[in-house]
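Have a look at the structure below, then the notes.
Quick note: numbers below take in every heavy atom, side chains included, and nothing from hydrogens, waters or symmetry partners. Atoms within each ligand, like the ligands themselves, are counted from 1 in listed order.
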Amino acid sequence: MPSVEPAVRISAPYKFVSREFRHSKTEITVRGVTIGGSEFVVMAGPCSVENERQILESAEIVARGGAKFLRGGAFKPRTSPYDFQGLEEEGLKLLDKARKATGLGIVTEVMSDRDVDLVASYADILQIGARNMQNFALLKTLGKCGRPVLLKRGMSSTVKELLMSAEYVVAHGNPQVILCERGIRTFETVTRNTCDIAAIAALNELTHLPVILDPSHATGKRSLVPALARAGVAIGADGLIVEMHPHPEKAISDGAQSLDPVQFAKMMADLAPYIDLWKQDRVTESAVAV
Ligand code: PEP
Ligand code: MN
């Protein structure tokens with residue numbers, strides 16, 4: 001028809017998030033920091049927001065190391081109902097305090113569609129945990145939340161299912177989705193999960209959305225986190241989300257996989273030359289894309 005400008009055939013079932021739909025990478029800018037662009041973005045902080053001192057200290061430490069976002073759960077998805085469930089709104093207020101003190105953006109989990117408005121009123125990026133990747137009511141609500149979404153891969157989900165979940169958010173009105181590989185369940189027990197590192201390269205072929213790596217949940221062991229983080233840079237992830245606690249031995253959740261302040265600073269310094277190579281690669285890639 002003369003009134004139709006282009007017609008694009010998209011064979012993938014995930015239409016909006018497919019590379020066939022959009023060839024150039026989606027860039028998501030939050031508080032002046034662009035994810036999916038020419039910067040390798042690190043998000044870091046404790047598993048859970050525990051108290052004011054812990055989160056303010058964490059924020060200072062990760063900002064000093066070069067992170068651009070502070071992570072920390074105020075709503076925690078715990079396997080046991082008897083474990084710490086998070087400080088909820090009180091935790092969100094503490095994250096806001098940490099943002100004001102450091103200028104870091106805030107990324108924090110939302111577990112229920114009921115809480116989306118509340119969490120969106122404090123957070124810069126809404127994290128959807130592995131256990132909620134296919135909570136379709138939540139995904140639909142995120143379409144209208146007005147904030148970028150960090151969607152973590154479900155622990156038994158395929159790459160295609162991850163993309164279909166991202167499609168829910170985009171199809172419901174929110175194009176700002178960041179994907180996260182955080183390890184999947186396999187027969188292996190040496191690590192908490194098995195990092196599907198190749199999924200990052202595969203996702204970069206299949207989708208234009210930014211993809212980051214969580215080396216903390218992917219391994220469950222702090223000694224393995226820096227090596228896996230390096231692999232994430234090398235394979236072309238757009239960034240990392242890493243657990244760091246000022247005193248991991250006292251952490252209420254995920255202490256075993258949390259770096260301490262010295263280890264975090266060392267990891268960031270050690271990553272620098274790899275990030276320089278990553279940047280050179282990005283320049284070449286975007287030139288080819290144009
Ligand atoms: C977390 O980031 O602390 C978390 C609970 O992660 P995941 O949903 O990947 O298990
Ligand atoms: Mn955790």
Does a side-chain N-to-carboxylate-O contact under 4.0 Å join [X] and [Y]?
X: Glu60; Y: Arg64; answer: no
X: Glu52; Y: Lys97; answer: yes
X: Arg222; Y: Asp260; answer: no
X: Lys76; Y: Asp83; answer: no

Task: Qualifying residue for side chain to side chain contact (heavy atoms under 4.5 Å, CB included) with Met155, from Arg192, Arg182, His217 - done: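 That would be Arg182.
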
For [X] and ligand 1, answer yes if some heavy atom of the residue is under 4.0 Å from a ligand atom, otherwise no.
X: Gln127; answer: yes
X: Cys47; answer: yes
X: Lys76; answer: yes

Task: Nearest candidate to atom 5 (C) of ligand 1, where distance is taken over non-hydrogen atoms, out of Met111, Met155, Glu109 - done: Glu109

Task: salt bridge (charged side-chain N to carboxylate O under 4.0 Å, His left out) partners for Lys279, two or more places apart - done: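 Salt bridge (charged side-chain N to carboxylate O under 4.0 Å, His left out) check on Lys279 returns Glu39.
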
Nearest-contact summary for [atom] - protein heavy atom, Å:
atom: atom 8 (O) of ligand 1; value: Ala130 N, 2.8 Å
atom: atom 4 (C) of ligand 1; value: His217 NE2, 3.4 Å
atom: atom 2 (O) of ligand 1; value: Arg71 NH1, 2.8 Å
atom: atom 9 (O) of ligand 1; value: Arg182 NE, 2.7 Å
atom: atom 6 (O) of ligand 1; value: Lys152 NZ, 3.0 Å

- [ ] Compute whether any side-chain donor of one residue and acceptor of the other, for Thr219 and Thr191, lie under 3.5 angstrom apart.
- [x] no

Task: Neighbouring protein N, O or S atoms of the Mn ion (ligand 2), below 2.8 Å - done: 4

Open item on the list: Could you list the cluster mates of Val4? Members are the ILVMFWY residues connected by side-chain heavy atoms closer than 4.5 Å, either directly or through other members.
Closed with: Met1

Open item on the list: Quick check on contacts: which atoms of ligand 1 are under 4.0 angstrom from a heavy atom of Gly129?
Closed with: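 This gives 8 (O) as the contact atoms.
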
Task: Per-atom contacts, ligand 1 versus Glu243 - under 4.0 Å to a heavy atom - done: 3 (O)

Open item on the list: Any non-hydrogen side-chain atom of Phe69 less than 4.5 Å from a side-chain atom of Val62?
Closed with: no

Open item on the list: Among residues at least two apart in sequence or on other chains, which ones pass ring pair (Phe, Tyr, Trp, His ring centres under 6.0 Å) with Phe84?
Closed with: none

Task: Parallel, tilted or perpendicular: rings of His172 and Tyr168 (30°, 60°) - done: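 The rings of Tyr168 and His172 lie parallel, inter-plane angle below 30°.
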
